[in-house]
Amino acid sequence: MSTSSSPRIQHPGLAQKIMSAAEAAALIPAGANIGMSGFTGAGYPKQVPQALAARIEAEHAAGRPFQVNVWTGASTAPELDGALAKVNGIHQRLPFQSDPICRDKINAGEVHYLDIHLSHVAQHAWFGFLGPMQVAVVEVLGILPDGRLIPSSAVGNNKTWLEIADKVILEVNSLPPIEMEGMHDIYYGTAIPPRRQPIHLTQATERIGEPYLRVDPSKVIAVVQTHQRDRDTAFAKPDAVSNQIAAHIIDFLAHEVKVGRLPKNMLPLQSGVGNVANAVLTGLLDGPFDELLGFTEVLQDGMLELIKRGKMTAASATAISLSSEALKDFNEHIAFYRDRIVLRPQEISNHPELVRRLGVIAMNAMIEADIYGNINSTHVMGSAMMNGIGGSGDYARNGYLSFFVTPSVAKGGKVSCIVPMVSHVDHTEHDTQIIVTEQGLADLRGLSPRQRAQVIIDKCAHPDFRPLLQDYFDRARSKGAQHTPHILGEALSWHERCLATGSMLP
């Protein structure tokens, strides 16, 4: 055990618990439910998961079974999901992941994956629905003399993990700037029914909590010192398709302002993860809107640039996940951003009550939509998990406006992202307001199923597939019940054809 501590570990008792990652990993029992920090490649523990993976690999080589159940805020990085999945160390994973090795294990049936709305995770853990948590492994930026913790680049479910875990391992990362202290707003007013009270947040970026995480020092069994950056979240330059999607959304929002359904500075914006979502935010740089606000899960390059350029006044999120270039700017101007960014627990950032009260404008990606507006965000060809539902449902069902966006085709034009019937449903037609592809925008508000179908075909389908969708819809309307016309024997035939031939085209 090492006793050499950094200035970031100021609690005398916890400074006595400094040890190596391998020593800390040795304290984690097989079969444990482990609450790991981390949300979309930010704020995850860097060394203990890798040391645990090495221990699991050695145990397996000796013929001894060893797996753990991993709970996080959202996706992490190769040092966590990838390392543990590679050695077959994960029995169960929740609530969201994006690691290719972990994904392959899930789709091979080797990992049990619980795909959960992000707003549900903390409360399900508190309710006891998921079982006890033996260990929490949480990255922080520092430990104060009284034992309070300076949160890292992601808050996620850390508050809950620190409260409910039997034992806690802290990774103190000295690389992120300590000047992030004060950026966080940790709300401790949640409770289990029937003792719940309203959450008194009425503006997107007001503060209702405190800047620090709390932990019972007696539960801390190890402190590991690290000096490593988060996963580099690289974004491609917006391409023509992404720019067209962004243009459709911005034109639509400008029209909503013109007709009086939105104020001039709009309402708080939520943007999902990925290149298309980031392109929409980039498009807002040259849009007609000023004094914007963000109320989202992850603050990415596009939203950071809006703040930098003065188009967005402030933003609330649960994590900051940036490219190398954007991270450099963030670190160099940390005082500027600290006054304009609030990082919260995800049970607040994704809370349906708050999303609805604030009137959030939600923009999320999808894999496919069908002609009636049902959305598949998670599964390829109905069975293979991509990443997970994340927080898209939290925002889609409760937002003031909800956009689902995708290119109209995939796989070089062989796969249509607008289909007769989705192969998996994450968001029903009842929660879908607006669908956007580079072809156009379908405003589904106030339309019956048959009206929605025609608008989606006309506005969003690729020209190569539009006649095929129109033919399917016309023939479906010629037979059977007419509320939501389908030909059940053909509804998933496009997916079957793609599985057999590699293309949805006849």
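The residues of the chain are indexed from 1 along the displayed sequence.
- Side-chain contact of Ser392 with Asn364: a donor-acceptor pair under 3.5 Å is absent, judged by distance alone.
- Between the side chains of Glu368 and Ser423, at least one donor N or O lies within less than 3.5 Å of an accepting N or O.
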Taking it one step at a time, do Glu210 and Arg148 satisfy salt bridge (Lys or Arg N to Asp or Glu O under 4.0 Å)?
CA-CA 11 Å; Glu210 56 196 68; Arg148 288 179 298 167; 5.6 Å; no
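- Each ring-ring contact (aromatic ring centres under 6.0 Å, His included) pair with one or both residues in residues 8-46, not counting sequence neighbours, would appear here, but there are none.
- Residues Ser37 and Asn158 bring no donor and acceptor atom of their side chains to less than 3.5 Å of each other.
- More than 12 non-hydrogen atoms from other residues, nucleotides or ligands lie less than 6.0 angstrom from NZ of Lys219.
- A donor-acceptor pair shorter than 3.5 Å cannot be found between the side chains of Ser402 and Arg397.
- Glu179 has no carboxylate O lying under 4.0 Å from a charged side-chain N of Arg338, or vice versa, which leaves the two without a salt bridge.
- Using a 3.5 Å distance cut-off with no hydrogens or angles, the side chains of Glu297 and Asn350 do pair a donor with an acceptor.
- No hydrogens or angles considered: a donor-acceptor pair under 3.5 Å links the side chains of Arg103 and Asn387.
- Listed by first and then second residue, the salt bridge (Lys or Arg N to Asp or Glu O under 4.0 Å) pairs involving residues 52-66 are Glu59-Arg64 (not counting sequence neighbours).
- Classification of the Phe129-His124 ring pair by plane angle, with boundaries at 30° and 60°, yields tilted.
- Note on ring orientation: taking the six-membered ring where Trp is involved, the planes of Phe404 and His427 are tilted (angle from 30° to 60°).
- Of the N and O atoms on the side chains of Glu139 and Ser152, at least one donor lies less than 3.5 Å from an acceptor on the other residue.
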